[in-house]
Amino acid sequence: MRRSALLLPALAFSLAGLSQPAAADAHTDGHSQTVEAATELPPLYAAELARATEFVDTMMADGVVVPVPKDPGGGYTHEQHKRNFRAIYLGGQIFRITGEERYRDYVRDMLVEYAQLYPTLGDHPERHDQYSGRIFWQVLNDAMWLVHAVQGYGDIRDTLSAEDRQNIDDNVFRPAVHFLSVESANTFDRIHNHATWATAGVGMTGYLLGDQDMVDRALLGSNKSGEAGFLRQTEMLFSPDGYYTEGPYYQRFALLPFLVFADAIERNEPQRQIFQHRDGILLKALRTTVQLSYRGYFFPFNDAIRDKSLRTAELYDGVAIAYAQTGDPSLLSVADFQGRTVLTPNGMQVASDLAAGMAAPFPFRSLLLTDGPDGDQGAVAVLRQGATNAEGEPATVVIAKNSSQGMGHGHFDKLAWQLYDNGNEIVRDYGAARFLNIVAKRGGRYLPENTTWAKSSVAHNTLVVDETSHFDGDVSIANANWPQQLYFSDAPGLQVSSAQIGNAYPGVTMRRTLIMPEIPGLEAPLVIDLVHAVSGEAHQYDLPLHYSGHIMEYDFTAQGNVTERPVLGTDNGYQHIWVDAEARIEDGMGALTWILDGRFYTYRFAGNGPLSAVLGESGANDPEFNLRREPLLMLRAQREGEAHFASLLEAHGSYDGAAEQTLDSQSLVAGLTHDRAGASGTSDIVRLTLKSGQRYAIAVSHNPDPDQEHSAVLDGETVTWTGFAAIVALAGGED
């Protein structure tokens, strides 16, 4: 038996299990290991060991290669140093598991080369900004190097000669810690994911080297005041529901240092009860990260790379650590989806219990995730319904993004929304304009279009006033303001999210209510979207819808631009929109149908007066072809006083190209009307007439009292309901 390598000095390196070759680790009590025969390894763990061995063997065949840093992200030296820290990390694990000294020797030799290189390094020649790294172009990557390398070093350190230990300690890890926590204190003391990686690397190094000063700086900040550091980050970066303020993409990224360092804290200082801190916030955050995904892919809020999914290295450790702490069998199904684990005792436990058939479906559900450290900075609402797939995940998801800005990685998209259905993103969020680690695209950095397009309000499904982004595109103002979540309900058959914001534009209050009602006679999903803006001044209101698919038909007359392609505007993202067709809709009512993946979608809308419609596409003023070409429909209203948009998005029918069969390609809704009604004129009532003749009203009082009764008379017809919202069957329909 032995303890993990990252221990306090009194317990460090009692590695009796490595006095002779060992075949594998088996998790017993969450912290200790026993030797197992290789033939007894559970499949997931065996596959991980084989994968790691193949990678490290390939690296070893090329010899130790530690180049002088010179390239930005994606360049040769950048990628080589990334491969190196992975080889150090995995090589140490393989040695711990197998006892084969050649892996220990390779890791040692690699670190000895770094001991020669590191003291010679200054700011990286491709420094990105004031946060320059030594080994990499930004300090973040140096922190990632340390988090991985210190773990691999911990697996071999006690077997090295005193001379090698001192050389590596004093010329690699101590100077790396000094660079991150002293020379880069501006990064180290931020409340930000870059600082999370830095504090984790410094703290784990402190545990390994028996340096309490390092540990204290990591936990409490560079001056040990507690105003910064790892513990403060757990208190400021997550809401009480475990939502990370920068959004799902960065939540996934930050969870590795959060959970790996927490695991080291738990093993070294269990009296801190780190996994109980803030009502178990880190374990909540892991589960919340999974909830913020569809078919495994994260909702692409803010500066998100859309390719990232649950199958990501940052979460393999997190799932294993969370499972070791909780024994939650639904986490095993996440690991099964990932098809990966880690070569730690926690990973062994995951693999063993998964092989034993102990997994349970992960409980994907509708939920409201508050934002901000106190849960009072807006929220993200997730509404799920419909048949589930093999993993137990509902087919249809609506996301209401009513959250805070998300710091520098945030986008100006208050009250935005997305829709997923049938395995696809139907109403889209652009995510980031970036080709990560592709040198040809400006070294893999964020592209200029990330600011001019991706962050702009018009690039999202939200209301834009006077062709200007929310908060005039000023992140400092945006960080100080957020929407108010007015109402949320996950009641089966009638799920609702409603929120408002009054300071995205001076003198304009905006409210958006999204409803998922189950209407008899219609296929799911059906989404009702109510957008209301009020101001004492006249304004232009633009409501874009960014969708995925190919247009089938629309019921308004549009003038197409077939010989030239004008651009919609000159700034705030409008300069990136090609105008393919425009329409003037005097009665403010219309519908557009498109197809995606064999399913039809109809967007039906009604405004409180004349509307203009723009059929467009992203990609204008993009000389380097940095933007994806994606379609959009924009509704435009010139209003003084109040502006209302009511819309319905309906999925219907199917198309099978192989069978040459089409069913219900046209909307099953014959008509939609929208009225503002009620005693105080604040209720919204959307009346639907189906092609079958059935009629329904979706009535919204905007009063959260569940027992309050409401009534409205429309065209001589009385609509009564109770509570915030209701579905009301109307007379004249067929049963």
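Each residue takes its place number in the sequence, starting with 1.
Residue Glu586 places its CD atom among more than 12 non-hydrogen atoms of other residues, nucleotides or ligands, all under 6.0 Å distant.
Here Thr58 pairs with nothing under the side-chain contact (heavy atoms from CB on, under 4.5 Å) rule; sequence neighbours left out. Residues forming a ring pair (Phe, Tyr, Trp, His ring centres under 6.0 Å) with Tyr655 (at least two apart in sequence, or on another chain): none. Listed by chain and number, the residues in a ring pair (Phe, Tyr, Trp, His ring centres under 6.0 Å) with Phe55 amount to none (sequence neighbours excluded). For Glu617, the side-chain contact (heavy atoms from CB on, under 4.5 Å) partners two or more places apart in sequence, or in a different chain, are Arg565, Asp580, Arg629. The side-chain hydrogen bond (donor to acceptor under 3.5 Å, both in side chains) search around Ser548 returns Arg428, not counting sequence neighbours. Taking Gln575 as the reference, nothing meets the side-chain hydrogen bond (donor to acceptor under 3.5 Å, both in side chains) condition, with sequence neighbours excluded.
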(request) Evaluate the side chain to side chain contact (heavy atoms under 4.5 Å, CB included) criterion for residues Leu688 and Arg604: first the C-alpha distance (whole Å), next the side-chain angles of each, then the deciding distance (0.1 Å), finally the verdict. (result) CA-CA 11 Å; Leu688 306 180; Arg604 189 176 297 276; over 6 Å; no
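Nearest heavy atoms, Tyr243 versus Gly247: OH-CA, 3.6 Å.
Within the 6.0 Å centre-distance limit, the rings of Tyr250 and His409 are counted as a close aromatic pair. Phe362 has its ring centre less than 6.0 Å from the ring centre of Phe364.
Checked by atom type and distance alone, the side chain of Asp656 pairs as donor or acceptor with a backbone atom of Ala658 at under 3.5 Å.
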